[in-house]
Amino acid sequence: MPEFAPPAITPDRPSPLHRRRMDAVRRVLARFGARRIADLGCGRGPLLIELLASGQIDYAVAVDRDPDALRSLSRRLPSAAAEVDLRLACFMDRRVKPAAVDAVLLVETIERIAPNRLSAVEYALFRHWRPGLVLLTTPNADYNPLLGAPPHRRRHWDHQFEWGRRRFAAWAQGCARRNNYRLSVEDVGPVVPGVGGASQMALFTAAPAS
């Protein structure tokens, strides 16, 4: 479906909504004390660059299958003591060796993946990497009319799908149940009663082994 020309997001100047997403992610990482992260589908890395520059993390794995994006990220990495491991790969590839991290991030990425590959996403996050915290954000389709999106159109041309709050919560609950994680879902961005936030965030925390 064609896009409806939302504000551009660049590593240098995130949109106000993306700024709110990044702030929300930073707060969650601080709350959980997560200093070793994996940013899956990192793109050009505005979030990772900010986390490194602020000294909030000590180690990061950045995975993306776009070589241009990783080259851009590599050029922009701040001088910092944190170790960064850049990997040109699809994060769903089981040959990608997982690292020991506190948290795995999937920020505005899942909607770019074909729905028939969501089982591979689930396996990668909760079985292959299996960190203590999985943080995942995605657009809230219920909010699209408030952003000027025409009916039956998605926010961006490369989005394979967009879910409203009910559908997203159902998928997240299934992932948590099947993989022994606890789940909380939060709104991100401006919140409208009965509609929610412009984005939505699922926090999965590993439950103790029974």
Side-chain angles (χ1 to χ4, degrees), residues 1-10 13-32 34 37 39-43 46-48 50-51 103-119 121-122 124-126 131-179 181-207:
M1 294 182 182
E3 63 177 331
F4 69 97
I9 296 174
T10 71
R13 190 171 59 184
S15 72
L17 175 55
H18 199 53
R19 172 78 267 158
R20 291 199 184 202
R21 288 190 200 105
M22 294 195 298
D23 290 344
V25 172
R26 289 186 61 182
R27 287 193 296 270
V28 169
L29 294 179
R31 189 166 87 225
F32 282 88
I37 69 158
D39 189 355
L40 307 184
C42 63
L47 172 61
L48 180 58
E50 184 167 310
L51 291 170
V104 164
L105 313 180
L106 204 67
V107 178
E108 304 299 291
T109 297
I110 191 173
E111 64 275 2
R112 293 177 166 87
I113 299 170
N116 63 5
R117 302 203 68 195
L118 289 179
S119 59
V121 172
E122 180 179 343
L125 295 177
F126 302 106
L133 171 68
V134 174
L135 187 159
L136 186 154
T137 78
T138 193
N140 171 16
D142 298 335
Y143 203 95
N144 283 358
L146 301 177
L147 297 174
H152 312 300
R153 292 199 182 178
R154 304 178 187 126
R155 296 186 193 180
H156 292 272
W157 65 268
D158 64 343
H159 288 189
Q160 300 294 308
F161 65 91
E162 291 175 355
W163 284 336
R165 291 183 299 166
R166 182 177 297 179
R167 179 66 183 85
F168 179 58
W171 178 81
Q173 287 163 3
C175 288
R177 182 180 64 254
R178 289 187 291 270
N179 297 286
Y181 274 74
R182 298 189 181 98
L183 169 70
S184 64
V185 179
E186 302 177 6
D187 291 313
V188 178
V191 176
V192 174
V195 176
S199 280
Q200 45 196 340
M201 177 169 61
L203 304 177
F204 302 88
T205 53

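Heavy atoms only: backbone and side chains are in, while hydrogens, waters and symmetry mates are out.
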query = Which class fits the ring pair Phe161 and Trp163: parallel under 30°, tilted 30 to 60°, perpendicular over 60°?
reply = tilted

For [X], check side chain to side chain contact (heavy atoms under 4.5 Å, CB included) against everything at least two apart and list the hits.
X: Glu186; answer: Arg31, Ser184, Met201, Leu203
X: Leu146; answer: Tyr143, Val192, Val195
X: Arg27; answer: Asp23, Ala24
X: Val191; answer: Asp187

task = Supply the atom-to-atom distance Leu136 CG to Trp171 CH2, rounded to the nearest 0.5 angstrom.
result = 5.0 Å

query = How would you list, by chain and number, every residue that makes a side-chain hydrogen bond (donor to acceptor under 3.5 Å, both in side chains) with Thr109, sequence neighbours excluded?
reply = none

key: Where at least one partner belongs to residues 189-207, residue pairs that pass salt bridge (Lys or Arg N to Asp or Glu O under 4.0 Å), sequence neighbours excluded   =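 Sorted result for residues 189-207: empty, none.
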
message = For residues 131-140, which residue pairs pass the salt bridge (Lys or Arg N to Asp or Glu O under 4.0 Å) check, not counting sequence neighbours?
response = none

Pairs touching residues 188-198 that satisfy side chain to side chain donor-acceptor pair (under 3.5 Å), sequence neighbours left out =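 Of all non-adjacent pairs touching residues 188-198, none passes side chain to side chain donor-acceptor pair (under 3.5 Å).
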
Contacts of type salt bridge (Lys or Arg N to Asp or Glu O under 4.0 Å), residue [X], not counting sequence neighbours:
X: Glu122; answer: Arg178
X: Arg165; answer: Asp142
X: Arg182; answer: none
X: Glu162; answer: none

key: Side chains of Thr137 and Arg21, donor plus acceptor under 3.5 Å   =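 No, no side-chain donor-acceptor pair sits under 3.5 Å.
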
task = Applying side chain to side chain contact (heavy atoms under 4.5 Å, CB included) between Ile37 and each of Leu133, Leu135, Val104, Leu51, report the one that passes.
result = Leu51

